[in-house]
K.L.:
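First the structure, then my questions, so here it is.
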There are 2 protein chains.
Amino acid sequence: MGEPTEPDPDAAAGRGSAALIEDGVEFDGRDAALLRAVDAAGSVAGAAADLGRSRARALSRIEDLEEAYGTLVERRRGGEGGGGSRLAPSGRALLDRYDRLQAVLAATAAVPETVLDGTVTAVDGELAVVDTAVGELSGLHGGGGEADDSGDDRGTVAVGDAVQVRIGADAVTVNDADDAVDPDATSARNRLPGRISRIDPGETVSTVRIAVGAAAGSGGADDAEGGSDGVAVAALITAESIDRLGLAPGDPVSIRWKATATRLVAHAE
Amino acid sequence: MGEPTEPDPDAAAGRGSAALIEDGVEFDGRDAALLRAVDAAGSVAGAAADLGRSRARALSRIEDLEEAYGTLVERRRGGEGGGGSRLAPSGRALLDRYDRLQAVLAATAAVPETVLDGTVTAVDGELAVVDTAVGELSGLHGGGGEADDSGDDRGTVAVGDAVQVRIGADAVTVNDADDAVDPDATSARNRLPGRISRIDPGETVSTVRIAVGAAAGSGGADDAEGGSDGVAVAALITAESIDRLGLAPGDPVSIRWKATATRLVAHAE
DNA sequence: CGTCGTTGTATCGGCATAGATACAACGGCG
DNA sequence: CGCCGTTGTATCTATGCCGATACAACGACG
């Protein structure tokens with residue numbers, strides 16, 4: 001798709017790489033390429049040749065992976081053509097799983113994020129309430145057990161902790177300000193009034209920045225996130241929705257997002 | 001938090017590990033631990049000792065990282081206590097960035113996801129429309145350039161391609177079925193009628209499965225995702241919202257989610 | 001039965017990374 | 001001035017991973 005619009009200066013976290021991990025064995029892009037090559041070539045030997053890698057290594061790598069992930073490649077020696085290998089259904093599923101993880105990672109790198117500093121005021125199960133410059137927000141903390149390799153407490157929070165609240169721009173919904181939707185009708189709970197400070201148009205998806213808090217009252221061209229009293233929340237909106245809602249800079253709007261789409265991260269203080 | 005409720009059998013993608021990458025240098029959990037240890041110990045030597053790693057290696061690793069990421073640690077030799085090192089502000093920021101990436105990754109591993117197979121019917125910029133078993137959905141494709149190391153086309157799609165549509169349960173909003181919200185008032189576009197098939201309660205956050213498509217009409221206790229005509233979409237809802245909306249199995253509901261929170265993944269066919 | 005190309009298996013060498021060790025430079029402090 | 005613990009720097013060694021190579025086992029096919 002090229003880069004028709006530059007990738008946003010403050011786009012987000014920057015590039016990253018991810019790998020599945022099971023039983024201590026990582027499944028990374030190299031392994032994915034190997035499995036794909038096996039699928040294309042019909043044999044491990046052919047795949048290794050296509051990739052310019054050692055055949056013996058490729059085979060032993062597949063064995064290591066299978067020890068952790070189960071059968072991935074159905075191998076057969078002897079017979080027509082001397083034998084061959086096919087990607088097992090579970091191998092295909094693993095590949096899909098990897099691709100989905102990769103897609104999520106690419107998304108977090110490409111989608112703007114809003115980060116607010118705050119202090120935890122309450123913890124109730126997986127949910128926590130955080131006091132921030134724009135009021136109290138609720139979000140999830142503690143992903144899934146200890147995914148990190150260092151066995152510290154990271155990922156869980158307690159009352160009084162300094163945390164960062166991360167809101168992905170793809171999770172923020174924009175409503176008309178005067179549209180008083182029945183709060184009982186939806187499960188999106190975090191809600192803030194604001195004013196559109198800027199619209200960065202994309203081809204079919206635009207990034208809308210909404211000034212909230214103290215800055216929302218004033219004219220609000222201020223979009224410096226670290227501003228003394230101004231905070232800008234980014235929202236990813238399709239061009240069609242912008243047209244439909246008639247959004248333009250200066251418009252008062254109401255933004256909302258689900259608590260379950262809000263992540264709390266312990267802040268390196 | 002421990003594991004009061006087991007981590008959901010079909011929870012999601014499974015564990016993963018991620019690393020920032022800049023200028024060809026990866027910043028992984030090991031590097032994060034090193035920076036944290038420096039912050040705690042006040043010296044690189046002490047940090048290396050605490051981690052049981054070689055001091056010389058730790059120092060050269062920091063230098064390699066700084067070549068790619070800029071100043072991370074302020075080092076000073078001689079003086080009080082013989083010298084020492086402090087984490088630079090940019091080092092703290094990098095650590096925060098890594099933690100946010102980690103949090104997002106942990107979230108994708110812990111949050112259920114709904115995956116639908118479909119065929120691309122239209123592509124317009126970053127958006128694409130996909131025909132699935134439950135109708136036409138729109139979502140984003142192609143994260144941010146080529147984040148993967150294998151330089152293939154993966155990540156972008158074309159009309160006619162077989163793709164998987166990934167919808168994170170944390171992005172799905174549940175509304176009352178009879179609540180006819182003005183469609184012009186919100187930027188959430190994908191919308192489907194359905195019927196609650198199951199509620200998996202958590203401490204404060206529950207996973208609600210909504211049968212959509214053909215299965216939605218019948219009683220709908222069917223939640224087999226691969227069923228012939230039944231598809232279940234997972235939604236993460238706070239217990240409070242469930243109470244507020246009065247959700248229970250069998251209830252007709254309307255679910256919606258943003259196109260920008262929907263990822264399209266090329267399917268390994 | 002021999003051919004063929006593949007899957008298995010073992011071994012060797014190269015290369016990159018990390019640990020171990022040693023030593024110089026630095027600069028407050030007693 | 002000498003002591004001290006740290007930052008810099010260099011070098012050697014161990015380890016692990018990968019490529020390269022070689023050879024046995026296999027089974028359909030001509």
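Chain identifiers are assigned alphabetically (A, B, ...) following the order of the sequence lines, protein sequences preceding nucleic acid strands; residue numbering begins at 1 within each chain.
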K.L.:
Working to the nearest 0.5 Å, report the span between CG of B:Asp31 and CZ of B:Arg36.
P.N.:
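Atom-to-atom, B:Asp31:CG and B:Arg36:CZ are 11.0 Å apart.
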K.L.:
Measuring from the side chain of B:Ala45 (C-beta onward, heavy atoms only), which nucleotide among D:dT7, D:dC18, C:dT7 has the closest atom?
P.N.:
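Between D:dT7, D:dC18, C:dT7, the one nearest the side chain of B:Ala45 would be D:dT7.
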K.L.:
Any N or O donor-acceptor pair linking the side chain of B:Arg77 to the base of C:dG27 at under 3.5 Å?
P.N.:
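Counting by modelled atom types and ignoring angles, no donor-acceptor contact under 3.5 Å is found here.
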K.L.:
Which part of the nucleic acid does B:Arg61 contact within heavy-atom distance under 4.0 Å: base, sugar-phosphate only, or nothing?
P.N.:
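Since no nucleic acid heavy atom lies under 4.0 Å of B:Arg61, the category is nothing.
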K.L.:
In terms of side-chain heavy atoms of A:Ala56, which of D:dT21, D:dC18, D:dA25 is nearest?
P.N.:
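The answer is D:dT21.
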K.L.:
Rounded to whole Å, how long is the line connecting atom CD of A:Glu80 with atom C1' of C:dG5?
P.N.:
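Those two atoms, CD and C1', are 12 Å apart.
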K.L.:
Quick one: closest heavy-atom pair of A:Asp170 and A:Val111, and the distance?
P.N.:
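Closest approach of A:Asp170 to A:Val111, heavy atoms only: N-CG1, 3.7 Å.
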K.L.:
If you pin A:Gly78 and A:Gly52 to their nearest nucleotides in DNA chain D, which one's is more 5'?
P.N.:
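This one resolves to A:Gly52.
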K.L.:
Remember a base hit wins even if backbone is also touched, and classify B:Ser85 as base, sugar-phosphate or nothing at under 4.0 Å, heavy atoms.
P.N.:
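If one applies the 4.0 Å heavy-atom cut-off, B:Ser85 turns out to touch the sugar-phosphate alone, with no base involved.
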K.L.:
Thinking salt bridges, do B:Glu113 and B:Arg263 make one under a 4.0 Å N-O criterion?
P.N.:
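Salt bridge: no.
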K.L.:
Answer with base, sugar-phosphate or nothing: what part of the nucleic acid does B:Arg75 contact at a heavy-atom distance below 4.0 Å?
P.N.:
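Touches sugar-phosphate only.
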K.L.:
Under 4.0 Å between any heavy atoms, over every strand shown, what does A:Arg53 touch: base, sugar-phosphate, or nothing? Just pick one.
P.N.:
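Sugar-phosphate contact only.
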K.L.:
Rounded to whole Å, please give me the gap between CG in A:Asp31 and P in D:dC17.
P.N.:
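About 13 Å, once rounded to whole Å.
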K.L.:
Output, in order, the C-alpha distance, side-chain angles, deciding distance and verdict of side chain to side chain contact (heavy atoms under 4.5 Å, CB included) for A:Thr108 and A:Arg166.
P.N.:
CA-CA 11 Å; A:Thr108 67; A:Arg166 182 197 185 273; 4.3 Å; yes
K.L.:
How close or far is atom C1' of C:dG28 from atom CZ of B:Arg76, stated in whole angstroms?
P.N.:
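Atom CZ in B:Arg76 sits about 9 Å away from atom C1' in C:dG28.
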K.L.:
Check if the side chain of A:Arg55 and the base of C:dG8 share a donor-acceptor pair of N or O atoms closer than 3.5 Å.
P.N.:
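In this structure, the two groups form a donor-acceptor pair.
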K.L.:
With respect to the side chain of B:Arg57, which nucleotide from D:dG19, C:dA18, C:dT7 is positioned closest?
P.N.:
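Ranking D:dG19, C:dA18, C:dT7 by closest atom to the B:Arg57 side chain puts C:dA18 first.
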K.L.:
Rounded to whole Å, please give me the gap between CD in B:Glu74 and P in D:dG8.
P.N.:
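Roughly 12 Å, once rounded to whole Å.
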K.L.:
To the nearest Å, how far apart are B:Asp64 CG and C:dA16 C1'?
P.N.:
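Taking CG of B:Asp64 and C1' of C:dA16, I get 13 Å after rounding.
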K.L.:
May I have the distance from B:Leu34 (atom CG) to C:dA18 (atom C1'), rounded to whole angstrom?
P.N.:
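That distance rounds to 13 Å.
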K.L.:
Any idea which of C:dT7, D:dC12, D:dG8 is nearest the A:Val44 side chain?
P.N.:
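Ranking C:dT7, D:dC12, D:dG8 by closest atom to the A:Val44 side chain puts C:dT7 first.
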K.L.:
Which pair of heavy atoms, one from B:Ala48 and one from B:Ala58, lies closest together, and at what distance?
P.N.:
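What the structure gives for the nearest pair is CB-CB, 4.2 Å.
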K.L.:
Output the rounded distance in Å from CG (B:Leu59) to C1' (C:dT17).
P.N.:
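Going from B:Leu59 (CG) to C:dT17 (C1'), I get 16 Å.
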K.L.:
Nearest whole Å is fine: how far is D:dC18 C1' from A:Arg30 CZ?
P.N.:
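Answer to the nearest Å: 8 Å.
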